[in-house]
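FYI, side chains are in, hydrogens and waters are out, and symmetry mates aren't considered; it's all heavy atoms of this structure. Chain letters run A, B, ... following the sequence lines, proteins first and then strands; every chain starts at 1. Predicted model only: the values in this text are computed from it and were never measured.
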2 protein chains.
Amino acid sequence: MPTQVGSQAVDRASALLALIVESDRPRSFTSLVDELGLAKSTTSRLLQALERSRLVQRDQSGSFRPGALFSIYAARPSALHDLAELARPTLTRIGELSEETVNLSVPRGNEVVQIAQIDSRYLLGSTDWVGVDVPATCTALGKVLYAWGALPLPRGSLERRTAHSPADRAELDRVLSEVRRRGWAVSLDELEVGLGAVAAPVRSVDGSVVAAVSVSGPTTRVNGHGITRLAELLVSETRGLSAQLGHHQGREGVA
Amino acid sequence: MPTQVGSQAVDRASALLALIVESDRPRSFTSLVDELGLAKSTTSRLLQALERSRLVQRDQSGSFRPGALFSIYAARPSALHDLAELARPTLTRIGELSEETVNLSVPRGNEVVQIAQIDSRYLLGSTDWVGVDVPATCTALGKVLYAWGALPLPRGSLERRTAHSPADRAELDRVLSEVRRRGWAVSLDELEVGLGAVAAPVRSVDGSVVAAVSVSGPTTRVNGHGITRLAELLVSETRGLSAQLGHHQGREGVA
DNA sequence: GAAAGAGTTCCATGATATGGGACCTGTGTT
DNA sequence: AACACAGGTCCCATATCATGGAACTCTTTC
């Protein structure tokens with residue numbers, strides 16, 4: 001099972017590029033040589049080619065970072081949608097296994113933005129469904145994003161929707177540290193009586209939380225034992241998704 | 001001046017990739033073949049290699065889009081900083097030519113976030129300086145982002161800081177359409193008496209405005225004739241920056 | 001049902017990537 | 001100062017690997 005027939009040079013260059021993109025800090029020439037085991041001369045030539053095409057660039061110290069083409073891509077308004085595309089298989093799987101509604105959200109400013117939803121296994125349309133101004137402290141997704149600092153904590157008093165919504169800052173802090181401890185968040189009757197949700201974090205290379213995935217449904221189904229089952233499903237699936245984003249277990253970030 | 005000595009295959013693959021990343025929408029196999037003039041077989045092989053490495057992916061219809069590695073990169077919290085890195089030469093040049101403070105901002109949520117600043121030609125530290133809760137309608141940067149829909153228009157009545165700040169929605173609308181007409185925005189004594197600024201938009205591949213660059217200083221220097229000079233400088237420099245992001249003149253987007 | 005279109009696979013050919021080693025350059029060591 | 005060493009680039013003969021034409025498959029169109 002050697003390299004597929006076809007394009008050795010391109011495969012090697014791509015491997016270099018992947019290494020550079022997936023690590024969270026610039027890579028030195030030597031570390032790349034060591035990791036891929038290629039000849040120095042070959043590595044040097046390939047990197048020069050990648051540099052010429054703006055796929056990598058060198059920082060002041062000569063280490064390699066993702067190049068301008070990546071910035072160009074990241075500046076596209078649609079870049080986040082493509083994250084949804086990447087997550088699609090995971091979301092679909094969660095939807096099939098749980099038979100509930102699944103959401104993928106990212107923080108934007110002080111708000112939680114939904115970028116994908118699976119509802120009885122159909123992925124919703126193309127436009128972002130911005131959270132209809134729901135108080136994020138009452139949602140499982142919001143709690144996850146708050147818990148790991150992906151979203152700035154709300155200032156002032158908390159907006160509540162039901163008697164179960166977190167009442168004040170002290171209660172919220174308690175809830176969030178519980179979320180961090182367990183690794184997932186839950187929201188029962190907090191946004192609306194009869195509505196329940198469980199959510200887990202998606203992490204990036206450097207361990208920071210960049211998104212959250214939730215499963216939600218009526219509390220007739222989302223309750224007691226069901227919650228544990230859903231949480232386990234979510235945690236294992238989001239762990240896989242995080243790995244796709246280059247996250248390595250055990251790098252849980254500082255926050 | 002044929003292809004540099006070294007790596008034909010990698011250069012060609014990179015050219016393909018650049019084409020895919022810099023275009024606004026998925027590219028069909030044939031359009032890529034036509035544009036680069038490579039043999040179908042070669043193109044096919046190279047694309048397969050890129051696909052294998054997650055640098056490109058096919059959508060349902062078989063067209064090519066940037067692959068998961070790009071999403072991985074875009075999900076990094078630092079992705080926007082890298083935009084600043086890309087813009088650095090441009091900002092520095094503006095700083096040297098204008099001898100005033102230069103800022104690069106992007107919209108995030110409902111706010112304007114500064115991601116780079118040049119002050120008497122020094123680039124500021126690493127942390128984002130979030131706009132200290134300044135009402136964006138009183139700033140040149142804010143006006144640019146509002147004018148082309150990069151930032152959702154504020155709801156309710158406008159916060160004012162001086163007698164020159166836009167007073168109401170009607171005035172703001174008038175100002176914004178003027179901004180669109182001219183291609184740049186100005187703010188004089190609107191945020192603080194004695195403070196003046198000029199700003200111009202940075203556009204992405206699809207023509208949408210993704211960022212803004214401003215020059216600001218005391219109205220003793222930023223005034224009358226000086227403003228026109230600064231605006232011309234800004235417009236020509238941001239046009240160059242937009243081109244680096246893949247924007248082509250004449251695609252000014254729909255908004 | 002034929003024909004055009006889109007894309008992949010095959011294969012002989014030689015152009016092109018390869019890696020060893022020379023070479024350069026900057027940095028710390030005696 | 002002279003020296004050693006690591007990090008990196010350049011050069012070049014070799015043969016491996018990419019190349020493009022053509023054959024082939026699958027799908028869409030008329």
Side-chain angles (χ1 to χ4, degrees), chain A residues 1-69 85, chain B residues 1-69 85:
Chain A
M1 26 114 274
T3 313
Q4 229 119 335
V5 59
S7 327
Q8 191 189 71
V10 176
D11 282 337
R12 287 171 163 187
S14 303
L16 274 171
L17 186 53
L19 224 45
I20 291 168
V21 172
E22 291 184 316
S23 49
D24 59 341
R25 44 181 46 210
R27 302 283 310 234
S28 74
F29 178 83
T30 323
S31 81
L32 295 169
V33 171
D34 291 346
E35 186 143 349
L36 287 185
L38 296 177
K40 282 197 298 177
S41 49
T42 305
T43 309
S44 176
R45 240 176 316 105
L46 294 177
L47 285 172
Q48 283 175 34
L50 292 175
E51 201 175 1
R52 228 180 285 143
S53 328
R54 297 168 301 155
L55 282 164
V56 306
Q57 65 191 110
R58 295 168 201 246
D59 62 14
Q60 305 83 326
S61 72
S63 292
F64 294 91
R65 318 177 327 138
L69 273 186
E85 198 67 25
Chain B
M1 28 115 279
T3 312
Q4 230 118 334
V5 59
S7 328
Q8 190 188 74
V10 176
D11 282 338
R12 287 171 163 186
S14 303
L16 274 170
L17 186 53
L19 224 47
I20 291 167
V21 172
E22 292 184 319
S23 49
D24 185 9
R25 42 181 52 209
R27 302 281 312 235
S28 72
F29 177 84
T30 321
S31 81
L32 294 169
V33 170
D34 291 347
E35 186 144 349
L36 287 185
L38 296 178
K40 283 195 301 177
S41 51
T42 305
T43 309
S44 175
R45 240 177 316 106
L46 293 176
L47 285 172
Q48 282 175 34
L50 292 175
E51 199 176 2
R52 231 181 282 144
S53 327
R54 296 167 302 155
L55 282 165
V56 305
Q57 65 192 111
R58 296 168 200 245
D59 63 14
Q60 305 82 327
S61 71
S63 292
F64 293 91
R65 317 178 328 137
L69 273 186
E85 198 67 25

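Side-chain atoms of Ser44(B) do not come within 3.5 Å of backbone N or O of Lys40(B) as any donor-acceptor pair. Remark: side-chain polar atoms of Ser23(B) are paired, donor with acceptor, to backbone N or O of Leu19(B) under 3.5 angstrom.
As rounded to whole Å, 14 Å separates atom P of dA6(C) from atom CZ of Arg27(B). Asp11(B) places its CG atom 14 Å from the C1' atom of dA18(D), with the value rounded to the nearest Å. Computed from coordinates, the Leu32(A) CG to dA6(D) P distance equals 19 Å when rounded to whole Å. Computed from coordinates, the Phe29(B) CZ to dT25(D) P distance equals 18 Å when rounded to whole Å. Spacing between atom CD of Gln8(B) and atom P of dG14(C) amounts to 16 Å, rounded to whole angstrom units. For Leu38(B) and dA15(C), the CG to P distance is 18 Å, given to the nearest whole Å. In this structure, the CG atom of Leu50(B) is 14 Å from the C1' atom of dA18(D), given to the nearest Å.
Backbone-only contact: Thr30(B) has heavy atoms under 4.0 Å from sugar-phosphate atoms and none from a base.
Here Ser44(A) does not reach the OP1 or OP2 of dG8(D): none of its side-chain N or O atoms lies under 4.0 Å away. For dG21(C), neither phosphate oxygen OP1 nor OP2 lies less than 4.0 angstrom from any side-chain nitrogen or oxygen of Ser41(A). Dashed line: the shortest gap from a side-chain N or O of Arg12(B) to OP1 or OP2 of dT19(D) is under 4.0 Å. Contact annotation: Gln48(B) reaches the phosphate of dT9(C) (side-chain N/O to OP1 or OP2, under 4.0 Å).
Nearest heavy-atom pair, Ala49(B) versus Asp11(A), reported as atom, atom and distance to 0.1 Å: CB-OD1, 3.8 Å.
Relative to the side chain of Arg58(A), the nucleotides dT9(D), dT18(C), dG20(D) differ in distance, and dT9(D) lies closest. Among dT8(C), dG20(D), dT18(C), the nucleotide with an atom closest to any side-chain atom of Arg45(A) is dT18(C).
Residue whose closest nucleotide on DNA chain D sits further toward the 5' end, between Ala9(A) and Ser28(A): Ser28(A). Residue-to-nucleotide proximity on DNA chain D shows that, of Leu46(B) and Lys40(B), the 5′-proximal contact is made by Leu46(B).
Taking Arg65(A) as the reference, Gln57(A), Asp82(B) meet the side chain to side chain donor-acceptor pair (under 3.5 Å) condition, with sequence neighbours excluded.
Salt bridge Glu22(A)/Arg27(A): absent, no basic N to carboxylate O contact under 4.0 Å.
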